[in-house]
Amino acid sequence: MKQHSRFNLSLHYFLISFVLLALASCQKRESASSSALRISIEQDPSTLDPRRAQDLGTASIIHMLYEGLMRSEKEGQHSPGIAEEVIVSPDQKTYTFKLRPAKWSNGDPLTAHDFEQTWKSTLDPKFPSPNAYQLFVLKGGRAAKEGKGTTDEIGVHAVDDSTLVITLAQPTPYFLNLITTHFYYPVHASMRKETADSTTLPDSKIVTNGPFKLDRWQLHSEFIANRNPQYWDSKRVALEKIHLMILDNPTALQLFKRGELDWTGSPLSTLSVESLSRLKEDGELETKPAAGIYLVRINTGQPPFHRTKMRRAFALALNRQDLVDRVLQGNQIPACGMIPPSFIEGKPLFKDCDIKLAKQLFDEALKEQGLTWKNFPLVTIHYAANERAHKIAQVAQQQWKNNLGIDVNIQSVEPKIYFEKIKNHDYQLGIGSWFADIHDPIAFLDLFKSKYNGTNNTQWEHSKFMVLLNQSSLPEHFSRRKQLIKNAENILIREMPVIPLFFSSYNYVKNPNFKGFFFSELGYIDFKNSYWD
């Protein structure tokens, strides 16, 4: 009996030991996996130099690797980044930043001189920076880039290693939001001297200053970033590794379903329209409003769209709700204005699918131009070849046929050719989009301030519209800035050089246990505080 008891006791301890070992093994595997994030991307980043970045995917990856003076937070707020303190002058034109002790990923000290030299290199006429205009708020910035001034005259000066003084051309109420963007990130001296782009540099030459640093980059295959131990706040970074896998979207979704990926979809890849309804039914689809709008640009310099009534007739004849509910199915919001509701509150500026008014305006527009229904010229709507734009074009074509009784030709072209046509005003209607770079409503209006603005391309400008936007940046008008911006938006919508379609959304699927990340409406993900639950 006692022997039997000893046998049971031994077996009991054996089972406990086995379970503990098994649990320890599981915890070890879980710990190993929980220190890394696996996420799909559609293509390699086009660069790792913040001065050269253009596309959203590239900007998202750069946000992992770099940090600016300030960091972007929820609801358009900002918090200290490399800067510990900022002092703003009474006239709102001079900003003095005190920098915290910080290092580059290779251990070099990060100083105020890095910021000064980076911004001046961006504004050098010889440097190919597509986003240099974002630095034109700096005193002398535009003149330097256009070769009408020198970089020494630009309003940025490192007083010492930890003090940076910035002088603006005029007060800019959204400046602290602007410097959270990659346009204002510092670039290490070794990369500033490189004439070659970062895609051709060895991995060891990529020196950054953010929460993560490049570990390995194999083109067309994978991009791996590890936690940066030199980052000033590295103790708060829980993730050890971010593994970006370059995959086509159907394959990525299959791997996610098998548990071999933790995230796929926006902002680094795309979920097909066909997959959205199924993912919704399965309760897996995650959606976030985007600071972006899809629209139809109109060439206002050519008939028949040189008259406002014709443009408004085409705009009011579209059924946006039907487009987003039945066709796109990605939780987009019909746009009856230019500024997303999350950026500024306000009522719709026109009625969606107002067919009665659309027909009335169309009739009046025909008479203005000496046209009839029978001799109305064939209109073509161009779009860059992709699934979403093709569906939008088809819906618009059918709705204009049904609601105005006119035929519209749709033409798909390669993206590069499409953007050249838009740039050269070689189009009538063009499907496009605009995503804000900063969390401020002016980001959706400033691009139409001048017909010479490279982001406008409609040949439209309006003197009162310009005045209102200029007034919104003056300190004496800050108390009524919101109303000035709304008044400017009203002018834009009344003139309708663009037809708003819908405010975009980000659709993605992720492991539900991955938490703590900040997914900005601007389209990048901040993984600094993320963790596995």
Side-chain angles (χ1 to χ4, degrees), residues 29 32-66 105-106 182 185 187-188 190-191 194 196-229 231 237-272 275 385-387 414-416 506-511 514 517 519 523-528 530 532:
R29 289 198 302 271
S33 64
S34 66
S35 65
L37 173 71
R38 303 163 301 174
I39 185 169
S40 72
I41 56 176
E42 290 180 341
Q43 57 190 11
D44 290 285
S46 59
T47 180
L48 293 184
D49 185 338
R51 301 171 298 171
R52 298 175 186 256
Q54 284 184 281
D55 61 281
L56 180 59
T58 295
S60 294
I61 292 171
I62 283 175
H63 276 289
M64 302 175 195
L65 305 177
Y66 291 86
S105 56
N106 67 349
H182 63 278
Y185 285 172
V187 175
H188 188 265
S190 63
M191 289 179 65
E194 289 285 350
D197 192 11
S198 53
T199 53
T200 62
L201 296 176
D203 294 351
S204 59
K205 291 283 188 180
I206 306 299
V207 183
T208 60
N209 75 313
F212 300 92
K213 65 174 185 175
L214 175 64
D215 175 53
R216 184 169 74 254
W217 183 4
Q218 185 176 346
L219 286 173
H220 315 305
S221 177
E222 63 180 0
F223 183 104
I224 298 175
N226 290 344
R227 187 174 68 86
N228 177 13
Y231 176 56
V237 181
L239 280 183
E240 289 293 335
K241 178 182 294 186
I242 300 176
H243 188 176
L244 303 171
M245 305 180 197
I246 301 170
L247 302 164
D248 64 81
N249 296 321
T251 301
L253 188 55
Q254 290 176 7
L255 291 177
F256 175 81
K257 289 286 190 179
R258 296 206 300 257
E260 296 175 37
L261 266 184
D262 303 308
W263 187 311
T264 186
S266 299
L268 294 170
S269 59
T270 307
L271 297 174
S272 68
S275 69
N386 64 68
E387 178 192 23
E414 289 300 313
K416 184 177 181 180
Y506 296 118
N507 295 294
Y508 60 98
V509 290
K510 72 169 185 69
N511 188 315
F514 182 65
F517 60 90
F519 194 161
Y524 63 84
I525 316 175
D526 187 344
F527 291 124
K528 175 182 174 179
S530 58
W532 285 98

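As the structure is a computational prediction, the values presented were derived from the model and not from experiment. The basis for the numbers below is simple: all heavy atoms, side chains too, and nothing from hydrogens, waters or symmetry mates. Sequential numbering from 1 along the given sequence is applied to the chain's residues.
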Residue list, side-chain hydrogen bond (donor to acceptor under 3.5 Å, both in side chains) with [X], at least two apart or on another chain:
X      : answer
Glu222 : Arg216, His243
Ser272 : Ser275
Tyr185 : His63

Close side-chain approach of [X] to [Y], heavy-atom, < 4.5 Å:
X      : Y      : value
His182 : Tyr524 : no
Leu48  : Trp217 : yes
Leu37  : Trp532 : yes

For [X], which residues count as a side-chain contact (heavy atoms from CB on, under 4.5 Å) partner, sequence neighbours excluded?
X      : answer
Asp526 : Arg71, Phe518, Lys528
Ala225 : Leu65, Phe212, Phe223
Asn106 : Trp104, Asp108, His188, Val207
Glu42  : Asn249, Ser269, Thr270

Original post:
So Leu56 and Tyr506, side-chain contact (heavy atoms from CB on, under 4.5 Å) or not? Walk me through it.
Top reply: CA-CA 12 Å; Leu56 180 59; Tyr506 296 118; 4.2 Å; yes
Under 3.5 Å, is there a donor-acceptor pair between the side chain of [X] and the main chain of [Y]?
X      : Y      : answer
Ser60  : Gly523 : yes
Thr264 : Ser40  : no
Asp262 : Arg38  : yes
Asn228 : Lys213 : no

Just verifying a value: how many Å separate [X] [atom1] and [Y] [atom2], rounded to the nearest 0.5 Å?
X      : Y      : atom1 : atom2 : answer
Ile62  : Thr208 : CD1   : OG1   : 10.5 Å
Ser105 : Asp215 : OG    : CG    : 11.5 Å
Arg51  : Met191 : CZ    : CE    : 7.5 Å
Ile39  : Lys510 : CD1   : NZ    : 11.0 Å
Ile224 : Met245 : CD1   : CE    : 8.5 Å
Ile246 : Gln218 : CD1   : CD    : 8.5 Å

Subject >> Derivation of the side-chain contact (heavy atoms from CB on, under 4.5 Å) call for Leu271 and Leu253 >> reply: CA-CA 8 Å; Leu271 297 174; Leu253 188 55; 4.2 Å; yes
Original post:
Can you list the residues that meet the salt bridge (charged side-chain N to carboxylate O under 4.0 Å, His left out) rule with Lys257, with sequence neighbours excluded?
Top reply: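 Applying salt bridge (charged side-chain N to carboxylate O under 4.0 Å, His left out) to Lys257 gives Asp282, Glu284.
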**OP:** Let me see the working for Leu239 and Arg227 under side-chain contact (heavy atoms from CB on, under 4.5 Å), right down to the final yes or no.
**Re:** CA-CA 7 Å; Leu239 280 183; Arg227 187 174 68 86; over 6 Å; no
**OP:** Might you work through the side-chain contact (heavy atoms from CB on, under 4.5 Å) test for Trp263 and Leu268, ending with a clear yes or no?
**Re:** CA-CA 10 Å; Trp263 187 311; Leu268 294 170; over 6 Å; no
Subject >> Non-neighbouring partners of Phe256 that pass ring-ring contact (aromatic ring centres under 6.0 Å, His included), sequence neighbours left out >> reply: none
Subject >> Pair Arg258 + Glu260, salt bridge at N-O below 4.0 Å >> reply: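 Yes, this pair counts.
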**OP:** Heavy atoms only: give me the nearest Phe519-Pro267 pair and the separation to one decimal.
**Re:** CZ-CD, 3.7 Å
